[in-house]
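These notes concern the structure reproduced below.
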Amino acid sequence: MFSKNKPKPEVDIEQHELLENAQKRIKQKKRLFSHLVIFLIGSVFIILINKIFKQGEAYDWYIWAITAWAFLFIIHVFNVFITHKFMGKDWERKQREKLVAKQKAKISELQKEIETNFPISNFNKKKVE
């Protein structure tokens with residue numbers, strides 16, 4: 001009951017990655033929906049400022065403000081739903097593997113170049129003499 005050797009539940013690494021990825025996606029979608037709510041409330045507020053306070057009566061500036069904000073919201077939607085599908089965890093993993101393979105290839109080329117230019121046997125002969 002009070003022992004220090006309690007069995008610890010082991011979470012598989014893949015399960016842990018899946019949980020982290022799910023939490024990130026939930027956070028992204030939550031931010032997107034809060035952006036939508038703020039956009040809707042902000043749009044109504046901008047229209048009210050223009051109509052009630054008669055700001056820019058000759059020119060309806062609120063249309064441009066709401067259009068610009070809508071464009072930013074569309075970019076946010078694009079990033080959450082479309083870009084994430086193409087550049088998600090699998091894409092990151094593949095890119096990481098490609099970069100590691102390139103680095104290993106460069107290291108092996110450098111090692112071959114060093115071995116041809118400075119053979120180990122020459123160093124051993126110089127040390128013996």
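All heavy atoms count here, side chains included; hydrogens, waters and symmetry mates do not.
Hydrophobic clustering (ILVMFWY, side-chain heavy atoms < 4.5 Å, transitive): I75 and I66 are in distinct clusters. Under a hydrophobic-cluster definition in which Ile, Leu, Val, Met, Phe, Trp and Tyr are linked whenever side-chain heavy atoms come within less than 4.5 Å, directly or via other members, I63 and F71 are assigned to different clusters. Cluster membership for I74 and L72, using ILVMFWY side-chain heavy atoms within less than 4.5 angstrom, is not shared.
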Table please: side-chain donor-acceptor pairs of residues 27-43 below 3.5 Å, with sequence neighbours left out.
residue	atom	partner	partner atom	Å
Q28	OE1	R25	NH1	2.8
S34	OG	K30	O	3.3
S34	OG	R31	O	2.8
H35	ND1	H76	ND1	2.8
H35	NE2	W69	NE1	3.4
S43	OG	F39	O	2.7

List, one per line, each side-chain donor-acceptor pair under 3.5 Å for residues 105-113, sequence neighbours excluded.
residue	atom	partner	partner atom	Å
S108	OG	K104	O	3.4
S108	OG	A105	O	2.8

### Task
Tell me, with the steps shown, if V77 and I82 meet side-chain contact (heavy atoms from CB on, under 4.5 Å).
CA-CA 8 Å; V77 169; I82 296 173; over 6 Å; no
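Annotation: side chain of Y62 is not in contact with side chain of T67 (no heavy-atom distance under 4.5 Å).
For the atom pair I26 CD1 and N21 CG, the distance stands at 10.0 Å (nearest 0.5 Å). In this structure, R96 CZ and L99 CG are separated by 9.5 Å, a value rounded to the nearest 0.5 Å. Of the inter-residue distances, the one linking Q23 atom CD with L18 atom CG reads 11.5 Å to the nearest 0.5 angstrom.
In this view, E17 and R93 satisfy the salt bridge (Lys or Arg N to Asp or Glu O under 4.0 Å) rule, not counting sequence neighbours.
When the shell of 6.0 Å around CZ of F81 is examined, it contains more than 12 heavy atoms from other residues, nucleotides or ligands.
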